[in-house]
Asker: 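Structure below; questions to follow.
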Amino acid sequence: MLSDPVIAAELRAYIRSNKWAMDPEKLSKFTQDKLVPKAAREYLEHVTQNEMPRGLKRYMEIELFPRIHLRVGRGISLPTAQRWLHKEGFKYTNHKKGLYFDRHDRPDVVEFRQGHFLPAMKAYEARLVRYVVGDVDEELIIPRENYVERRLVLLAQDEMTAQANDITSKMWVFEDQHRLRKKGVGRGLHKSDTLCSTVGWLEDGTQTLEYGKNYEGYWTGELFVKQVNLIDHYMGICSDFCAKIKEKIIPAFERAHGAGYQALIMVDNSQGHSAYSEDALLVSRMNVHPGGKQARMHDGWFIRDGSKIIQPMVYPANHPTHANAAKGIKAVLTERGLYKDRLRGKCKKCTSDSCCGKRILELQPDFQRQKSLVQEVIEAAGHLCILLPKFHCELNFIEFFWGAVKKYLRDNCDYTFDTLKENMPKALASVQLQTIRRWEHRMYQWMDAYRAGMGTTNAQKQVKAFSSTKYKSHRRVPEAVARTFDQ
Ligand SMILES: [Zn+2]
């Protein structure tokens, strides 16, 4: 049941609403760091062990289940609620730690990194503009495979927020890296920026959003959210993000690089960035049987006897029994000649490539090639994108940039919003191009270590060794920022 994205999204929305808090005042003191350390530690333990799971249990039994017409015999147990929270990666943590190494080794994440991200990066390597390790002013000479394809420039994009009184307090950290803060954090700036090793910070592509004291809702790192419906919320993030890429980032990149270069945009793998259009080919949105509540998807296709056959996913209006109904998995497979007698509809947990109808259909080429909205937008503009593995901040070298920008802001802070606003452009421009090239090198070091099969700890050691031998003479602030990620 918890693998149902709608239910999971509802539960996450509930948890982030803080409605589970038995003593909202105490929670608020805690988030503002107003408790003495010992009391804070005890409260944290109490919250994670007791209040959150209890609130969640109550919410599921009294609100959620009746609404989705699910009858629960004896309700859910407290340990179940605790387990679920843990499994979902809910965790109270100090954001200063910055990295989410503890979830690096989650099997699905490792699978994506090793099986998808690293091979894809390898395939782009011969086309990517890079700089010589130890001499970042020199471009690395890479023999070209052909002169038809343009050179690629890796583009790191991310967002951050800064407040006039930026106290790095604890906050809830969720699996898709959204940093949540209760309202009332004061006025602040929300920045969206882009970096590459060829020209550095893309000044032209910068975007700033001011937010004030009176915003309702919760900061998710990307938007203030009012609505509880997370599906709409993620679609919102996604369309904002798509617009930003199309209207701001890509034009800025093209102006800075000219026609000879193509951007390879690294997109962080959060739910808001991997949304699909409403009619996308997604088995997860299908029922086994026709009709009912399921997505109406655009046409698919398959190959029969060497020719491509277009297959509608919805029955025609003159169908005798299922007029205008979505076909469902079984009928779609039957039409493709892939349905076998007594084939299971959907497994809870798939065991092979042919264990059930859902699995067979999702491996079909038309379903496999379904692109996310972000990908569609980037490719339509003539550029490329790559999804980063979750929780791997060290692979998105803009994280180091944020670190340096925040340090500049803290060092020049007088706790007023006006000064913050004045300092922001200076902070962004303060990072040297050479430093950005070194951060990109660190990213390549991490990738090499992962390719060699190292786990997080060993990869970390190797990258640390790399930067201390290669960049000994550059122990300046921005490099030190990168180092804090190694600790
Ligand atoms: Zn299966």
Side-chain angles (χ1 to χ4, degrees), residues 1-12 60 65 68-72 76 80 83-84 86-89 103 105-117 119-120 175-176 230-231 234 269 271 274-304 309 311-315 322 325-372 375 387 389-390:
M1 184 196 64
L2 291 170
S3 58
D4 182 322
V6 177
I7 295 179
E10 287 252 9
L11 291 173
R12 285 192 196 112
M60 287 166 97
F65 290 169
I68 58 174
H69 305 295
L70 194 75
R71 235 181 279 279
V72 272
I76 65 158
T80 304
R83 240 191 341 268
W84 185 78
H86 191 74
K87 195 177 130 239
E88 282 301 308
R103 271 167 281 153
D105 301 325
R106 227 171 67 173
D108 58 321
V109 177
V110 171
E111 209 275 321
F112 180 83
R113 184 185 72 205
Q114 301 298 108
H116 185 86
F117 175 77
E175 74 157 18
D176 46 4
L230 275 205
I231 301 296
Y234 286 132
N269 199 336
Q271 271 159 299
S274 48
Y276 291 86
S277 60
E278 235 169 84
D279 63 350
L281 293 180
L282 289 175
V283 184
S284 59
R285 295 179 182 173
M286 297 174 84
N287 294 340
V288 176
H289 298 289
K293 221 184 149 206
Q294 62 178 315
R296 302 175 67 81
M297 306 187 305
H298 64 67
D299 294 351
W301 55 265
F302 57 96
I303 305 291
R304 178 176 288 160
I309 296 172
Q311 181 187 33
M313 294 288 153
V314 177
Y315 285 115
H322 299 295
K327 289 179 180 173
I329 294 172
K330 186 177 168 183
V332 169
L333 285 177
T334 306
E335 291 174 10
R336 292 180 187 218
L338 294 171
Y339 186 77
K340 288 174 213 78
D341 235 9
R342 287 203 299 266
L343 180 69
R344 192 184 300 148
K346 293 179 178 180
C347 304
K348 261 193 182 149
K349 212 172 176 185
C350 284
T351 49
S352 79
D353 287 349
S354 56
C355 51
C356 61
K358 167 182 163 272
R359 187 74 189 135
I360 294 172
L361 189 56
E362 79 190 0
L363 290 172
Q364 285 283 290
D366 53 342
F367 279 76
Q368 287 277 302
R369 278 176 219 177
Q370 177 62 52
K371 289 171 182 165
S372 68
Q375 199 181 357
L387 269 187
K390 281 183 183 177

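We count ligands from 1, going down the list as the structure has it; atoms in each ligand are counted the same way. Keep in mind it's a predicted model, so treat the numbers as computed, not measured.
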Asker: Output, by chain and residue number, all protein N/O/S atoms separated from the Zn ion (ligand 1) by less than 2.8 Å.
Answerer: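 Protein N/O/S atoms under 2.8 Å of the Zn ion (ligand 1): C347 SG, C350 SG, C355 SG, C356 SG.
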
Asker: Given E335, which of Q311, K330, R304 fulfils the side chain to side chain contact (heavy atoms under 4.5 Å, CB included) condition?
Answerer: Q311

Asker: Given side chain to side chain contact (heavy atoms under 4.5 Å, CB included), test Q364 with L281 step by step and report yes or no.
Answerer: CA-CA 10 Å; Q364 285 283 290; L281 293 180; over 6 Å; no

Asker: With a 3.5 Å distance limit and no angle check, can you tell me whether K346 reaches the backbone of V283 through a side-chain donor-acceptor pair?
Answerer: no

Asker: Tell me every residue that passes salt bridge (charged side-chain N to carboxylate O under 4.0 Å, His left out) with R359, counting only those two or more places apart in sequence or in another chain.
Answerer: D353, E362

Asker: Quick check: does any side chain N or O of Q294 sit under 3.5 Å from a backbone N or O of N287, one acting as donor and the other as acceptor?
Answerer: yes

Asker: Using side chain to side chain contact (heavy atoms under 4.5 Å, CB included), reason through R336 and D366 one step at a time and then give a plain yes or no.
Answerer: CA-CA 12 Å; R336 292 180 187 218; D366 53 342; 2.6 Å; yes

